[in-house]
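Have a look at the structure below before the remarks.
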Amino acid sequence: VGFSLSSDVIMFSILLCVLINLESSLAVPATQNGQCFFPRVWRDLWDEPSGNRSISILTEDWDAVGKCKLELQESDGVRPYVVAQERRKCYVCIYTQQLHSNILRYKQSQCRKVKDARRLCYGDIVQQKWKYLYRHAANPAPCPDILGGSHAFTYSEYSPTTNSYIEGCGEPRSEINSCNQRSQDDPQLSFNFGNCPNGVLVHRTSMNHILNCYGSWSSAGGVQHIIAKGDAYEYWEPGDYRNKENEYVCMALETDGLKVYLSQGFGSGCDGVGGSLSPRNGLRNLVLEKRMRLEENCQFPSWVLGVPVWQIIPQGGLRLSDQAPREVEITSKSSFRLGAGGLGQTFSCAKILQSTSDELKIQMFSQDKCYGEYHCFHAQYSASSGSIRLHVGAPSADIEHSCVAPSFDPDVPFLMATIIPANSSRSDQDIAREMQNIQDQVDSIAQVQGQTIAGGDSMDQILRETGAQLHTLTQQFTSQISTLMRDFAIRVKSSFNL
């Protein structure tokens, strides 16, 4: 019996060794032994709009989730990390992918007592939806070149009440352009949505999205994704105005060489109908066509350019009102501003139809409320009085319609006026000095921001890491206070036998 027992023990030991070696051979390889650190470029404060919160990533800490214990081998750009939650004495897998310097996405497993990397990082977590993180204080990034200029578009919009798309939206016209970008700090893209067909979404009269791009990346099949942030303005039934500020939106786009197909995702992540966002399964699916426009394509005659600012004397027309423009300011040989006090609508010379020593008929391009439009201008110059008699036509989306009725109709004029030279209180030298002072200030700020610390870290990097550390400390403090109060309540109940 003793021999039999000893044989059983030996066989059990051999079997155990085999199982251990087999498990070891199937283990998930780690990229490093010992210390585990998150990438330096991730150490910052990040926005997670889907959870309405911000999280911090430090050298070893993923926000309040836990401390990095093991980095697994990267595959297809995905890096799994095992982190330890010391308070709960369990382990979590953070399944991460960097899509752009300003964009991360991740999945997070349940907290398990055993540090089983395979089960944590290659089990149920793989089927989860991605959560998206956006760098909190990121600077805007360039938008894809394909969105440059102006595009007209039609679109369909998903209706949750019918679980289907409303087709044929975008009337009378919809356009995407950069009309709100007057300087580098202004929004890069403006989406101007027309209405959907009568009887559907009839209470929304207009909608505008004004956005900056914060990063983009390419996926399989030539699909490009973009993360943008900005404001949305909606005008519904009279008196109902809605706006949303600083909202993130994910967009997917592709092109067939003639048209651009672009979709906007649901919420702040890259989610579409039935799965990940594609150019045709978003909340809105747009079909864009490039608008080729004549802008600053010709020059004004000398009798127009000879006066830098003209004063407008209105004489009639549909545009006549107390808020009508009062000045024509020549801004270049091909453009002028119609307004007052340096503000107003800018027009650029698109095409000259007739030009003599005292008469000019010209088609002008402008953007009013972010819609590109053409106006016809007919000017007759009087050398004796130094004045110009002016007839301005109504706006037209197409250049060929701008100088014919009903847009340009002498019997029903849009604006009739006489313009005379105005005295300018500011000289060219004054303007030049102001512009030079502004440039000097910009150069000074750029020089300070570009300085680096002797240790090699930029000031921006130090500020990002410090902000992330402060956020983590705050989260830890809040967690500790919650634990203390919970323990206090338990002790009070026990002392009174509650």
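All residue numbers in this chain count up from 1 along the given sequence.
Note on ring orientation: taking the six-membered ring where Trp is involved, the planes of Tyr241 and Tyr235 are tilted (angle from 30° to 60°).
Under the salt bridge (charged side-chain N to carboxylate O under 4.0 Å, His left out) criterion, Asp47 pairs with no residue, sequence neighbours left out.
Within a 6.0 Å radius of CZ in Arg389, other residues, nucleotides and ligands contribute 12 heavy atoms or fewer. For Lys129, the NZ atom sits in a loose shell: 12 or fewer heavy atoms of surrounding residues, nucleotides or ligands are nearer than 6.0 Å. With a 6.0 Å radius and a threshold of 12 heavy atoms from other residues, nucleotides or ligands, Gln85 has its CD atom above the threshold. By the 6.0 Å contact criterion, CG on Asp124 is open, its count of non-hydrogen atoms from other residues, nucleotides or ligands being 12 or less. Heavy-atom contacts from other residues, nucleotides or ligands closer than 6.0 Å to CG of Asn52 number 12 or fewer.
In this structure, a donor-acceptor pair under 3.5 Å is present between the side chains of Thr162 and Ser164. Side chains of Asn285 and Tyr158: a donor-acceptor N/O pair is absent below 3.5 angstrom, by distance only.
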Applying side-chain contact (heavy atoms from CB on, under 4.5 Å), run through Thr96 and Trp62 and close with a yes or a no.
CA-CA 11 Å; Thr96 62; Trp62 185 280; 3.7 Å; yes
Report the C-alpha separation of Ser332 and Ser334 in whole Å, then their side-chain angles, then the decisive distance to 0.1 Å, and conclude whether the side-chain hydrogen bond (donor to acceptor under 3.5 Å, both in side chains) test is met.
CA-CA 5 Å; Ser332 75; Ser334 302; 4.9 Å; no
Step by step, would you call Val223 with Leu277 a side-chain contact (heavy atoms from CB on, under 4.5 Å)?
CA-CA 10 Å; Val223 175; Leu277 184 66; over 6 Å; no
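Looking at heavy atoms from C-beta onward, Arg337 lies in side-chain contact with Thr346 at the 4.5 angstrom threshold. In this structure, the side chains of Phe347 and Val328 stay at 4.5 Å or more apart for every pair of heavy atoms. Side-chain contact between Cys169 and Phe193 is absent, with no heavy atoms from C-beta onward closer than 4.5 Å.
If you look at Tyr214 and Tyr134, their ring centroids are not closer than 6.0 Å. Between Phe377 and Phe336, the distance from one ring center to the other falls under 6.0 angstrom.
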